[in-house]
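Report on the following structure.
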Amino acid sequence: MSVRLRIAPSPTGLLHVGNARSAVFNWLYARHHGGTFIVRVDDTDTARSEEKYVAQMMEAMRWLGLDWDEGVGVGGPHGTYRQSDRFDRYREVANRLVDAGSAYRCFCTPDELDARRQAAQAAGRAPGYDGTCRAHSVAEAEDRVAAGESFSVRLAIPRPGVTEFFDLVRDDMRFDHEVIDDFVILRSDGTPTYHLASTVDDVDYEITHVARGEDLLSSTPRHILLTQAMGAEPVTYAHLPLLFGPDGKKLSKRHGDTSMDAYMKAGYLPEAMFNYMSLLGWSYDPEVTIYTPEQAIEKFDLADVSKNPAIFDVKKLEWMSGEYMRELALDDFAARSLAVIEAERSLSDEQRRQYLALAPLIQERVKVLPEVLEMSDWLFRDEVEFDEKSWDKVMKPEAADVIDEALVRLEGLAVWTTESIEAAMRQMLDDLELNPRKGFQPLRVAATGSMISPPLFESLEVLGQSTTLERLRRARAQFE
RNA sequence: GGCCCCGUCGUCCAGCGGCCUAGGACGCUGGCCUUUCAAGCCAGUAACGCGGGUUCGAAUCCCGUCGGGGCUACCA
């Protein structure tokens, strides 16, 4: 039988990087086995779920390079793949379980539950549901329902008992039913809880493997028990290590970003993001860090996933994005970076040509796309904006003489190319007995405004002779 | 508190009883290259949490301990 995996985010916010990593692993496993990857929307929490998040979540996954065979946005044999459209189905299952005696109605009020929980905790007992309503007869329950009492539905955990399962990353797991309370599967307002909806969907959609965050590990016996109560065969589980922030604490806004959306907007290359995420808890090869999705698909196995939690290291992501950036074909880089620039300012054909001429030099200097903005800003301005630190550092009094001399020599150039400019300027260095630093940095600051820029002569060539001279003169004037 | 998971360089991963005087990558440091910044190249830094076992032999197996994390809702 072919494998069927799913990713089922809740659209209550932007797609979290942890979820995205789960998506990557599920996708890799499905693709490795030639199986089916499904995207489902777990929106049982209708109050907090928003349509815009469904769209953003899909955008983020597509951006990462993931595709799915069934689910939201692509359809398939199981309806809309949204839990909010399936409440009737969940109620039907809950009712069936009640009829079969594997679940029961609970009439305890939230206040009562709360009081008993606090009492239990104070007495040092487990805070879970104490099973009060499980003792009621079915007849009594029917009467109370008829009398209009509201109720929730709880699963009757077999007692005593033990649930054992094999986890692809954690091996043999065993939970004594002592530690599992009769949890709610259907709320008193008739809506399903996550446990019910998720389990029913996994059964109905014939999911074979569930790879999800380790935070759900202790809920797994509940899901298995529920599955069995439905008369179905449990899926194979794989609980992935959690992702943390640099401080070892939960990944949060405080340091770095937690949403895929943020990394998209920050301009990291999606290819790098995919590669980096697949490295969190897995390794392609002890000696190989950079590889294609195809290569990852070929080697990926959930059984090889590490058990250790991983810290999301933005530094390494940055490095990797830079690696991919330099690997981009020039026209690909040009297209991607131009898109970023033209989102900020409109460019004339001439300016676009100028940028393209410098693009290869810029390409090897950026890690994330938005950096091209700073790298090229000097090129498009009417007047250079001098970076104060650069000016102070480079424009010493002697620099004025250098600029004067350069002005004369550059003005006299009949041919304006990188080569001719360089030849003239090196000659100037010789004649004036200046080192490159003293001789070239003032020109760089004068032309670009900063002591950090793309290579000087290429930059001047692209700028053009008249603009270059104009900028040198203006810089020179600042000395007075 | 209870249940569960995890513990190799600062970080991610390799290691699944001898190939380990522990390997790769990021980072960091130094050097080379160099008109700046990058890139590139070279070198260096740095780890098996601790204590007991088992074994001829342990990073690898067992126990304990300490540390980190997760769960403990009519959230997901």
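Here is how names work: the chains are called A, B, and so on, in the same order as the sequence lines, proteins then strands, and each is numbered from 1. What's counted below: heavy atoms across the whole structure, side chains too, no hydrogens, waters or symmetry copies.
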- Message: Under the criterion salt bridge (charged side-chain N to carboxylate O under 4.0 Å, His left out), I'd like the reasoning laid out for A:D377 against A:R381: C-alpha separation, chi angles, the key distance, then a yes or no.
- Response: CA-CA 6 Å; A:D377 182 67; A:R381 288 182 164 278; 2.6 Å; yes

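Side-chain to base pairing of A:R365 with B:rC37: one donor and one acceptor N or O lie within less than 3.5 Å of each other. Contact of A:S453 with B:rC37 (side chain to base): no donor-acceptor pair of N or O atoms is detected under 3.5 Å.
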Protein-nucleotides 71-73 of chain B N/O pairs closer than 3.5 Å?
residue	atom	partner	partner atom	Å
B:rC71	O2'	A:S218	OG	3.4

Listing time: all N or O pairs from protein to nucleotides 26-34 of chain B that are below 3.5 Å?
residue	atom	partner	partner atom	Å
B:rC26	O2'	A:K316	N	3.4

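Cation-pi geometry between A:R40 and A:Y81 is not met at under 6.0 angstrom from the ring centre and within 45 degrees of the axis. Judged by a 6.0 Å distance limit and a 45° cone about the ring axis, A:R154 is positioned over the six-membered ring of A:Y129.
For A:E371 (side chain) and A:V368 (main-chain N/O), a donor-acceptor pair under 3.5 Å exists by modelled atom type.
Checked against a 6.0 Å centroid threshold, the rings of A:F312 and A:Y276 count as neighbours.
Comparing B:rG23 with B:rU45, their C1' atoms sit 16 Å apart, to the nearest whole Å. Separation of the C1' atoms belonging to B:rA58 and B:rC5 is 24 Å when rounded to the nearest angstrom.
Across all strands shown, A:F457 has heavy atoms under 4.0 Å from base atoms, whether or not it also approaches the sugar-phosphate. Within 4.0 Å of A:P241, counting heavy atoms only, lies no atom of the nucleic acid at all. Residue A:M173 is in sugar-phosphate contact alone, with no base atom involved, counting any heavy-atom pair closer than 4.0 Å across all strands shown.
Residue-environment remark: CZ (A:R437) stays at or below the threshold of 12 foreign heavy atoms within 6.0 Å.
For A:V179, counting side-chain heavy atoms from C-beta on, the closest listed nucleotide (B:rA38, B:rC5, B:rC3) is B:rC3. Side chain of A:D45, nearest nucleotide from B:rU35, B:rC12, B:rA76: B:rA76.
Below 30°, between 30° and 60°, or above 60°: for A:H136 and A:F107 the angle between ring planes is between 30° and 60°, a tilted geometry.
With a cut-off of 3.5 Å on both pairing distances, B:rU60 has no Watson-Crick or G-U wobble partner at all.
In this structure, the separation between CG on A:L280 and CG on A:N308 is 11.5 Å, given to the nearest 0.5 Å.
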